[in-house]
Amino acid sequence: MSKIKTPQAIRGTQDIFGTDAEAFAFVVETFERVRKLYRFRRVEMPVFEKTEVFSRAIGETTDVVSKEMYSFEDRGGESLTLRPEFTAGIARAFLTNGWQQHAPLKVGTHGPLFRYERPQKGRYRQFHQIDAEILGAGEPQADVELLAMADQLLRELGIEGVTLHLNTLGDGDSREAWRAALIEYFSAVRGELSEDSQERLEKNPLRILDSKDPRDRKFVGDAPKIDAFLSDDARAFFDAVTSGLDAAGVKWARAEGLVRGLDYYRHTAFEFIPDEGSAAAAALGSQSTILGGGRYDGLMESLGGAPTPAVGWAAGIERLAMLVGEKSEPALEAMVLVEHDDGLAVANELLSKLRTAGVVADIMATGSVKKRYDKAVKQNPQHILRVNEHGYHGISGEGDNRRIVAAIN
RNA sequence: GCGAUCGUAGCUCAGUUGGUUAGAGCGCCGGUUUGUGGUACCGGAGGUCGGGGGUUCGAGACCCCUCGAUCGCCCCA
């Protein structure tokens, strides 16, 4: 018999099991419940799209597109890509399916995303997000509702010590003027910046603002602020968002340095980040953003559609699952213990009745009688139903067993 | 893409300055003793020490490469 080598899992993928899987499911279930409260409609999206959907929407120069996508040619020679995010695909669907007729359209979804990155705590190559978008809504009210939903979700997940960091990038003109000012400002001290930021100066100068490098931090404080470049409209928009949040009881903090890495963002940008020193911060390590998003009014045009305002956010399920605490698997209410194999038929009948009645039940029917009891007890059942060759002959266990008794009679 | 640490049975880990048949606990399988559901004990299976090269009389221990994990940088959810 030749030795077959077991193939190993692909780097950066996870096999989630037990209490971790329960925490994962808890996040998804809570999201689904809150989603319905806010009347976000469920959508299911393809896991892959034509590569251009992402390259055009997200931006060719972004790290996500330039070095993190899983792209391949299908048998027809077409370049396809495993989705690295939800937003671009949802925007494409909005355009190709004529969802304009439903605008403003609130949708939510969840599922796996793929990014070729170095795996790390809270960062995987196949990871999972929950996602909420409001398409075709240009009013600040949409931003407010979306953020209120995110805030409620985090509360219902029982996650504490997390703050909404909020910023505005202004409209397209504001953003460009600010960007130009930042380039001018940082170019003057170029030689003193970190190597990373010297490169960012070319590719994405906004990102210098949230650099962690002390060499950069020195200059960030005095860097030009977006507020100085906001048009009156952009300022009014942001004010409407913040006053709406206040009215909705959503706590937030202004974060002037907060920017987004993807090209399509305008106006509102936000991240929910654990407070320094909190348990959540410790649990997440350096991958600290648990929910992030913003307004992407320019995205539809980049996909060839009519100008369509939209806002959205996404949150990493793995990161949220790390914060929701231990989620135990459902308690075993009734264990049917088969003391003799001739009792199997009776046992199966009992099991059927129990489960039909909604009782969490399992069966133990292998090994010696002693082993059966030992193994059954280790699963910590609330009650044990004994079955032998003569049939069912009793129930034991602490506490109320009326549901169980009623189910089997 | 860069850096640091790490990789021994299913799991958690020991394995002294390189030296005879690689160990423990838990788990698993079998049994004994108890016990009319949580005990104690005995035995067993299971590892080409992540993989590949090299140094050496001899390497799980040293060197190189590679794969993977973990944690940072970067990026992002």
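Protein chains get the first letters and strands the later ones, always in sequence-line order, with residue 1 at the start of each. For clarity, every value in this text was computed on a predicted model and none was experimentally measured.
Summarising the geometry, the separation between CG on D131(A) and P on C76(B) is reported as 17 Å, rounded to the nearest angstrom. Protein atom NZ of K212(A) is 14 Å distant from nucleotide atom P of C71(B), rounded to whole Å. One can place CZ of F272(A) at 17 Å from C1' of C76(B), the figure rounded to the nearest angstrom. One atom, CZ of R123(A), and another, P of C71(B), lie 11 Å apart when rounded to the nearest Å. Atom CD of E195(A) and atom P of C74(B) are 11 Å apart (whole Å). Taking atom OH of Y373(A) as the reference point, atom P of U33(B) lies 19 Å away to the nearest angstrom.
Both distances falling under 3.5 Å, in either a Watson-Crick or a G-U wobble arrangement, place C73(B) opposite G1(B). Base pairing annotation: A24(B) forms a Watson-Crick or G-U wobble pair with U12(B), both donor-acceptor distances under 3.5 Å.
Mapped onto RNA chain B by nearest heavy atom, I290(A) and G397(A) fall at different nucleotides, with G397(A) at the one closer to the 5' end. Take the nearest nucleotide of RNA chain B for R11(A) and for E271(A): the residue whose nucleotide is more 5' is R11(A).
With hydrogens and angles ignored, no donor-acceptor pair under 3.5 angstrom links the side chain of R207(A) to the base of C74(B).
With no hydrogens or angles considered, no side-chain donor-acceptor pair links S243(A) and D246(A) at under 3.5 Å. Between the side chains of E339(A) and Y373(A), at least one donor N or O sits under 3.5 Å from an acceptor N or O.
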